[in-house]
Amino acid sequence: MPQSGNQMPDTPGHALSQAPHSEVAPADDVRSAGSGVVTAISHFLSWVLSPVLMPTYGIIMVFALSVLSYAPMSTKLIITGIVFAATGLLPGLGIWVLTRFGDVSDVALTRRTDRLIPYLITGCCLLGCGVYLLTTGLPRWVSYFYVGAALATVINLLVNFRWKISAHGAGIGGFIAMLMIMNRYGLPHYNLYGWAIGAVIAAGLLGSARVWLGRHTALQTVAGEIVGIAGVLGMTLLLPNN
């Protein structure tokens with residue numbers, strides 16, 4: 001029989017395959033864009049609240065909120081600069097050099113096995129900074145923040161042989177402890193509980209960011225925060241403050 005000139009209509013599957021790509025699953029694009037924003041925010045929090053910056057944030061808070069706010073501006077700038085150089089620049093430079101020579105895989109120390117030497121460098125820098133601050137005439141509780149942070153770094157180093165505990169958690173945990181100590185010994189202009197609550201919220205956001213990025217589990221971030229708080233508070237409670 002002669003075939004009809006009319007073409008058979010496309011099947012539904014064929015019609016769908018010919019549909020413009022932009023018309024398929026727009027909700028997936030929205031979810032993908034949302035995930036990208038969360039990832040970008042998580043990276044931002046991880047760098048801004050890096051553990052090597054917490055000692056500098058701490059001394060800034062000391063000079064801004066405690067009785068030491070009356071110190072000369074030149075003194076504040078010199079000490080803050082030295083603290084930043086000792087606890088921020090030196091560890092950061094050490095990690096960068098180790099990365100360049102291939103001793104660690106990346107500056108974020110993603111692999112647990114990369115952290116031994118950077119932790120040793122950071123702990124020594126924190127301890128040296130604490131000793132330096134004792135020579136400046138500042139109250140002892142200020143230097144104990146850095147010595148306690150060095151202790152927390154040593155604890156993290158030991159735990160890290162078996163388990164990837166969070167250095168970010170320890171850093172912000174030590175900062176929270178410093179605010180608590182300053183509220184007790186630093187004769188602040190007003191109660192610092194509001195600042196402490198803000199730091200706790202920041203710790204929660206930072207921990208969530210580290211989990212979102214796949215760097216740690218929730219338990220690892222919380223454990224790091226506990227180590228940071230315990231290291232700084234323990235050092236301050238065990239040693240004399242006058």
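Scope of the values below: all heavy atoms of this structure, side chains included, with no hydrogens, waters or symmetry mates.
- Taken together through direct or relayed side-chain contacts under 4.5 Å among Ile, Leu, Val, Met, Phe, Trp and Tyr, Leu65 and Ile172 form part of one hydrophobic cluster.
- Taking each heavy atom of Pro91 and Ala86 in turn, the nearest pair found is CD-O, 3.4 Å.
- Pairs passing the side-chain hydrogen bond (donor to acceptor under 3.5 Å, both in side chains) check and including a residue from residues 63-77, sequence neighbours excluded, read Ser69-His189.
- In this structure, Tyr119 contributes its side chain and Val154 its backbone to no donor-acceptor pair below 3.5 Å.
- Phe161 and Leu120 fall within the same hydrophobic cluster, defined by Ile, Leu, Val, Met, Phe, Trp and Tyr side-chain heavy atoms under 4.5 Å apart, directly or through other members.
- Within the model, atoms NE2 of His168 and CE of Met54 stand 8.0 Å from one another, a figure rounded to the nearest 0.5 Å.
- Under the 3.5 Å distance criterion, with hydrogens and angles disregarded, a donor-acceptor pair is assigned to the side chains of Ser46 and Arg210.
- One finds the CG atom of Leu89 at 10.0 Å from the SG atom of Cys125 (value rounded to the nearest 0.5 Å).
- Using a 4.5 Å cut-off on side-chain heavy atoms (C-beta onward), Phe145 and Val62 make no contact.
- Of the possible polar contacts, one joining the His216 side chain to the Lys164 backbone as a donor-acceptor pair under 3.5 Å is found.
- Between Tyr144 and Ile181, every side-chain heavy-atom pair lies at or beyond the 4.5 Å cut-off.
- With sequence neighbours left out, the side-chain contact (heavy atoms from CB on, under 4.5 Å) criterion links Ala64 to no other residue.
- Each of Leu206 and Ile226 belongs to its own hydrophobic cluster when Ile, Leu, Val, Met, Phe, Trp and Tyr are linked at side-chain heavy-atom distances under 4.5 angstrom.
- A distance of 8.0 Å separates CD of Gln220 from OG of Ser166, quoted to the nearest 0.5 Å.
- Minimum heavy-atom separation, Ile165 to Arg115: O-NH1, 3.4 Å.
- Hydrophobic clustering places Tyr190 together with Ile60 (ILVMFWY residues linked when any side-chain heavy atoms are closer than 4.5 Å, directly or through intermediates).
- The minimum heavy-atom distance between Asp106 and Asp114, with the atom names listed, is N-OD2, 4.4 Å.
- Taking every heavy atom of both residues into account, Pro55 and Val83 meet most closely at O-CG1, 3.8 Å.
- Residues satisfying the side chain to side chain donor-acceptor pair (under 3.5 Å) criterion with Asn183, sequence neighbours excluded, are absent altogether.
- Qualifying side chain to side chain donor-acceptor pair (under 3.5 Å) partners for Thr136, counting only residues two or more places apart in sequence or in other chains: none.
- From Ser143, atom OG reaches atom CG of Leu126 across 12.5 Å, with rounding to the nearest 0.5 Å.
- Looking at Pro188 and Val67, their side chains never come closer than 4.5 Å, going by heavy atoms from C-beta outward.
- Between Tyr132 and Ile82 the shortest side-chain heavy-atom distance falls below 4.5 Å.
- Among residue pairs with one or both ends in residues 34-57, none qualify as ring-ring contact (aromatic ring centres under 6.0 Å, His included); sequence neighbours excluded.
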Report task. I would like to know whether Arg140 and Tyr185 meet side-chain contact (heavy atoms from CB on, under 4.5 Å); could you show each step before the answer? Result -> CA-CA 10 Å; Arg140 291 184 179 181; Tyr185 298 109; over 6 Å; no
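- When all heavy atoms of Thr217 and Val211 are compared, the closest pair comes out as C-CG2, 3.7 Å.
- Side-chain N or O atoms of Thr221 include one that pairs as donor or acceptor with a backbone N or O of Ala218 at under 3.5 Å.
- With contacts defined as side-chain heavy-atom distances shorter than 4.5 Å, the pair Val52/Thr87 does not qualify.
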**Report entry** Ile79/Leu133 under side-chain contact (heavy atoms from CB on, under 4.5 Å): CA gap, chis, key distance, verdict
**Finding:** CA-CA 8 Å; Ile79 293 178; Leu133 291 174; 3.7 Å; yes
Report task. Could you please spell out the steps behind the side-chain contact (heavy atoms from CB on, under 4.5 Å) verdict for Val142 and Ile59? Result -> CA-CA 8 Å; Val142 179; Ile59 198 66; 4.0 Å; yes
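- Between Arg184 and Trp141 there is no side-chain heavy-atom pair separated by less than 4.5 Å.
- The two residues Trp163 and Arg112 have their closest heavy-atom pair at C-CD, 3.6 Å.
- A distance of 10.5 Å separates OG1 in Thr236 from CE in Met178, rounded to the nearest 0.5 Å.
- Under the 4.5 Å side-chain heavy-atom criterion for Ile, Leu, Val, Met, Phe, Trp and Tyr, Tyr146 and Leu157 are members of distinct hydrophobic clusters.
- For Leu93, the side-chain contact (heavy atoms from CB on, under 4.5 Å) partners two or more places apart in sequence, or in a different chain, are Trp96, Val97.
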Requested in this report: Walk me through it: do Leu53 and Val48 pass the test side-chain contact (heavy atoms from CB on, under 4.5 Å)?
Outcome: CA-CA 8 Å; Leu53 294 179; Val48 171; 5.8 Å; no
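- Atoms CD1 and CG, on Ile155 and Asn160 in that order, are 13.5 Å from each other to the nearest 0.5 Å.
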